[in-house]
Amino acid sequence: MELRLSNSCHNAAFWLCSFALCAIIGLYPVASIEVYTPADMFVENGTTEVLKCTFRSTQVISSLASVTWSFIPEGSSGSPGETIFHYAGGKGFPDSIQFKSRVEWAGDLNKKDVSIRVSKMQFSDNGTYSCDVKNPPDIEGKPSVTKLKVVQKGGQLFCL
């Protein structure tokens, strides 16, 4: 004799399993890393400036944490941009001809500050800067961007 469960038993079991799965997933939500930069910056030509970037992560800072700064020149909105600086394993790696010898690490990963310093700002540095942080296993999240405008020395820095 074969034991058969009625459709109502199958339905009840399905809903009970679905509810249990949702409850378990709800207890362990997938968190994403949040990255913050100022929306706009105005800097004087020839000066040294810190491009601020901070982040919030639900995880302890990992030795695998990394930061990538990218640059899209003004007027190149369709471009994916070029990496200008990468930080990983406690070391900074400048990675751009335009910013060669002008970009350096200015952050403190343990304080969730992943800023960089750019010296001798130039008009060709006008554009969009993107800061992307990964702190495994917390790697989901969007980069934050800053639109930077280099202005003539002695000019107004915060005119809109």
Side-chain angles (χ1 to χ4, degrees), residues 21-160:
L21 182 61
C22 288
I24 291 169
I25 291 172
L27 292 175
Y28 299 100
V30 176
S32 65
I33 198 161
E34 297 176 18
V35 183
Y36 307 97
T37 58
D40 298 294
M41 282 185 70
F42 296 88
V43 302
E44 285 189 345
N45 185 36
T47 62
T48 296
E49 297 295 334
V50 173
L51 302 184
K52 293 292 293 175
C53 183
T54 58
F55 69 97
R56 186 167 62 201
S57 174
T58 59
Q59 303 295 315
V60 172
I61 304 301
S62 163
S63 61
L64 300 175
S66 66
V67 181
T68 302
W69 278 88
S70 301
F71 171 68
I72 300 173
E74 188 174 55
S76 302
S77 59
S79 167
E82 69 168 308
T83 298
I84 62 169
F85 191 85
H86 184 74
Y87 183 88
K91 295 183 175 142
F93 303 94
D95 191 26
S96 167
I97 293 171
Q98 178 176 341
F99 293 92
K100 184 178 171 102
S101 302
R102 296 192 304 126
V103 64
E104 64 184 359
W105 180 250
D108 183 339
L109 201 54
N110 291 318
K111 294 181 180 176
K112 299 180 180 176
D113 177 358
V114 292
S115 304
I116 57 172
R117 182 177 300 107
V118 180
S119 61
K120 301 176 189 162
M121 295 298 287
Q122 307 166 10
F123 294 113
S124 60
D125 297 337
N126 287 339
T128 302
Y129 293 79
S130 174
C131 176
D132 191 20
V133 182
K134 304 293 184 214
N135 183 34
D138 197 359
I139 59 170
E140 296 295 322
K142 294 190 323 187
S144 186
V145 298
T146 297
K147 294 201 186 269
L148 184 130
K149 182 73 173 173
V150 179
V151 298
Q152 188 62 43
K153 276 191 175 183
Q156 287 187 314
L157 290 179
F158 298 101
C159 58
L160 295 178

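Remember, it's a predicted structure, so these values are computed and weren't measured experimentally.
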Ser96 versus Gln98, side-chain donor and acceptor atoms under 3.5 Å: no

Can you tell me how far CG of Asp138 sits from OG1 of Thr58, rounded to the nearest 0.5 angstrom? 4.0 Å

Closest non-hydrogen atom pair between Pro136 and Leu64, with its separation: CD-O, 3.6 Å

Is there side-chain contact between Phe85 and Trp105, with heavy atoms separated by less than 4.5 Å? yes

Any side-chain to backbone donor/acceptor pair from His86 onto Val67? Under 3.5 Å, distance only. yes

Sequence-distant partners of Lys147, salt bridge (Lys or Arg N to Asp or Glu O under 4.0 Å), two or more places apart: none

Heavy-atom pair of closest approach, residues Thr48 and Arg117: CG2-CG, 3.4 Å

Would a 4.5 Å heavy-atom cut-off, applied to side chains only, mark Lys149 and Glu74 as touching? yes

Output yes when a side-chain donor or acceptor of Thr37 lies under 3.5 Å from a complementary backbone atom of Val145, and no otherwise. yes

Is the backbone N or O of Pro38 less than 3.5 Å from a side-chain atom of Thr146, with the two atoms forming a donor-acceptor pair by type? yes

Heavy-atom side-chain contact between Ile84 and Ile116 under 4.5 Å: yes

SB check Glu34 Arg56 (cutoff 4.0 Å): yes

Is Asn135 reaching over with its side chain to a backbone N or O of Ser62, donor-acceptor style, under 3.5 angstrom? yes

Just wondering, do Ile139 and Ile33 contact through their side chains at under 4.5 Å, heavy atoms? no

Contact list for residues 33-127, test disulfide bond (SG atoms under 2.5 Å apart), sequence neighbours left out: Cys53-Cys131

Separation between CG (Asn45) and OG (Ser124), nearest 0.5 Å, reads 9.0 Å

What are the two closest non-hydrogen atoms of Lys134 and Gly141, and how far apart are they? NZ-O, 4.1 Å

Here the pair of heavy atoms bringing Phe123 nearest to Val151 is CE2-C, 3.9 Å

Less than 4.5 Å apart, any side-chain heavy atom of Leu109 and any of Phe55? yes

Given side chains that start at C-beta, do those of Tyr87 and Val114 come closer than 4.5 Å, heavy atoms only? no

When rounded to the nearest 0.5 angstrom, what distance separates CG in Asn126 from CZ in Phe71? 7.5 Å

Going by the angle between their ring planes, with limits at 30° and 60°, are Phe99 and Tyr129 parallel, tilted or perpendicular? perpendicular

Donor-acceptor pair, distance only, cut-off 3.5 Å: does the side chain of Arg102 make one with the backbone of Lys120? yes

Is any side-chain heavy atom of Lys112 less than 4.5 Å from a side-chain heavy atom of Ile61? yes

Testing the basics here: between Val150 and Glu44, what is the closest heavy-atom pair and its distance to 0.1 Å? CG1-C, 4.2 Å

May I ask you to check whether Glu49 and Thr47 show a side-chain donor-acceptor distance below 3.5 Å? yes

